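I have placed the structure first, in the form of structure tokens, so that the comments after it can refer back to it.
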Amino acid sequence: MHRSAPRLARILACATVPVVLVAGCSSGSDNKDKKDAEGSARPTSSSPSPTIAAAKFGKLPDVCSTLSGKTIDSLVPKAQSKKGKALPSADTNSSASCLWSGLDGFKYRSLTVSLKLFHSDPQLGSGDRRAGEYAAQQASKAATAGKVTDPKTEKVTGIGDEATTVSTKEKKDGDDFRDQTVVARTANVVITLEYDGAGYETAKTPDAAALLKDAKSAAKEVVGSVEKGARSGA
């Protein structure tokens, strides 16, 4: 049987074009292009936003009220003010510090309580995790700040969700200081308590172990104040 002239011409034309174009002569190419176009037109599903746990605490209590007058009398005899001195802060709902200092004869004591609150953030993580990272930074800072020597760092239990103590020595103007720092985290709040002591003139250098014991007790009291303040909406 002889093929018709138009059909024969079409076959010869497809046979003479480059290989890369032969597909264009196939009747199935149109269907493939149509499927590709339909596939690219389908909307792509976006990944769901990550979910993180809500922060437990929304704001901080009054930092100068986190320790009782009885505690201040014990740790800072002859304190200039039992109410303490609030240190400057741009936002006391998220970061606040209070200082007590006093000189009893030649016995000097200084106590600082700092609070830092972290909110949960989809980009940065949960408040608890962010607070934990900050607590680790604070402990490291205490062990290396200024001209401190002989740092001793220890993880302790019973103070918030986690806590670290840092004991150091320091000499200021010829006097020996013993510095004790307790960094504790309760949920999304970090407590940094610094308790320093020195003996001027004829007074003895304070016992580091005794200072640390008092610092840990005070830190535990601050943790309780933070949790109580959150429950009462303070």
Side-chain angles (χ1 to χ4, degrees), residues 56-57 59-89 92-117 131 135 138-139 142 152 154-168 170 175-187 189-234:
K56 181 177 181 179
F57 303 127
K59 61 180 180 177
L60 298 174
D62 174 24
V63 64
C64 289
S65 298
T66 56
L67 290 174
S68 66
K70 181 180 179 180
T71 297
I72 298 303
D73 281 339
S74 177
L75 272 62
V76 191
K78 307 288 185 177
Q80 294 179 0
S81 172
K82 284 187 181 182
K83 294 182 179 180
K85 177 183 179 181
L87 302 181
S89 173
T92 55
N93 282 328
S94 60
S95 181
S97 299
C98 191
L99 167 68
W100 295 264
S101 62
L103 187 63
D104 182 11
F106 294 114
K107 298 178 181 179
Y108 173 78
R109 298 291 186 272
S110 173
L111 175 64
T112 304
V113 172
S114 298
L115 305 178
K116 182 75 172 177
L117 178 143
Q138 287 295 92
K152 293 181 175 61
E154 181 182 5
K155 293 283 187 180
V156 296
T157 59
I159 306 176
D161 295 317
E162 59 178 324
T164 302
T165 62
V166 182
S167 302
T168 59
E170 189 174 6
D175 295 302
D176 292 319
F177 280 71
R178 297 293 180 265
D179 307 330
Q180 308 297 335
T181 301
V182 181
V183 181
R185 179 185 68 82
T186 174
V189 174
V190 176
I191 297 103
T192 303
L193 185 145
E194 301 168 89
Y195 187 38
D196 309 330
Y200 296 145
E201 301 294 339
T202 57
K204 294 181 179 180
T205 301
D207 179 66
L211 289 179
L212 180 58
K213 181 180 178 180
D214 288 341
K216 290 163 68 175
S217 177
K220 188 179 296 185
E221 183 177 338
V222 175
V223 168
S225 295
V226 170
E227 294 176 347
K228 181 180 178 181
R231 286 197 298 270
S232 65

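Just so it is clear, the structure is predicted and the values come from calculations on it, not from any experiment.
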### Task
Would you check if Thr168 and Phe177 make a side-chain contact, meaning some heavy-atom pair closer than 4.5 Å?
no
## Note on the structure
residues 156-165 vs salt bridge (charged side-chain N to carboxylate O under 4.0 Å, His left out), sequence neighbours excluded, gives Asp161-Arg185, Glu162-Arg185
For residues 190-205, tabulate all N or O donor-acceptor pairs below 3.5 Å that involve a side-chain atom, not counting sequence neighbours.
{"from": "Thr192", "atom 1": "OG1", "to": "Gln138", "atom 2": "NE2", "distance (Å)": "3.3"}
{"from": "Tyr195", "atom 1": "OH", "to": "Leu75", "atom 2": "O", "distance (Å)": "2.6"}

### Task
Report yes or no: does Ser225 contribute a side-chain atom to a donor-acceptor pair with the main-chain N or O of Thr66 at less than 3.5 Å?
yes
### Query
What are the two closest heavy atoms between Thr186 and Phe57, and how far apart are they?
O-CE1, 3.5 Å
### Query
Which residue, Leu103, Leu99, Val76, forms the side chain to side chain contact (heavy atoms under 4.5 Å, CB included) with Ser110?
Leu99
### Query
Between Ser101 and Arg109, does a side-chain contact (heavy atoms from CB on, under 4.5 Å) hold up when you go through it step by step?
CA-CA 6 Å; Ser101 62; Arg109 298 291 186 272; over 6 Å; no
Donor-acceptor pairs are to be reported for all side-chain atoms of residues 214-223 against protein atoms at under 3.5 Å, with residues two or more places apart or in another chain.
{"from": "Glu221", "atom 1": "OE1", "to": "Thr71", "atom 2": "OG1", "distance (Å)": "2.6"}
{"from": "Glu221", "atom 1": "OE2", "to": "Ser68", "atom 2": "N", "distance (Å)": "2.7"}
{"from": "Glu221", "atom 1": "OE2", "to": "Ser68", "atom 2": "OG", "distance (Å)": "3.4"}

### Worked check of side-chain contact (heavy atoms from CB on, under 4.5 Å) between Ile72 and Leu111
CA-CA 9 Å; Ile72 298 303; Leu111 175 64; 4.0 Å; yes
### Query
Can you check side-chain contact (heavy atoms from CB on, under 4.5 Å) on Val156 and Thr164, steps first, answer last?
CA-CA 6 Å; Val156 296; Thr164 302; over 6 Å; no
### Query
What's the spacing between Glu170 CD and Asp179 CG if we round to 0.5 Å?
5.0 Å
### Task
Assess whether side-chain contact (heavy atoms from CB on, under 4.5 Å) is satisfied between Leu60 and Leu115, documenting all intermediate values.
CA-CA 7 Å; Leu60 298 174; Leu115 305 178; 3.8 Å; yes
### Task
Taking all heavy atoms of Val63 and all of Val113, pick out the closest pair and write down the distance.
CG2-O, 3.5 Å
### Close side-chain approach of Lys83 to Cys64, heavy-atom, < 4.5 Å
no
### For the student: nearest non-hydrogen atoms of Arg178 and Ala208, plus distance
CD-CB, 4.2 Å
### Query
Hey, what do you get for OG1 (Thr165) to NZ (Lys152), rounding to the nearest 0.5 Å?
11.0 Å
### Query
Which pair of non-hydrogen atoms, one from Ala210 and one from Asp207, has the smallest distance, and what is that distance?
N-OD2, 2.9 Å
### Side-chain donor or acceptor of Asp104 paired with backbone N/O of Lys107 under 3.5 Å
no
## Note on the structure
Closest non-hydrogen contact found for Val226 with Pro61 is CA-CG, 4.0 Å
### Heavy-atom pair of closest approach, residues Lys82 and Trp100
O-NE1, 2.8 Å
### Query
Between the main-chain N or O of Leu117 and the side-chain N or O of Ser94, is there a donor-acceptor pair closer than 3.5 Å?
no
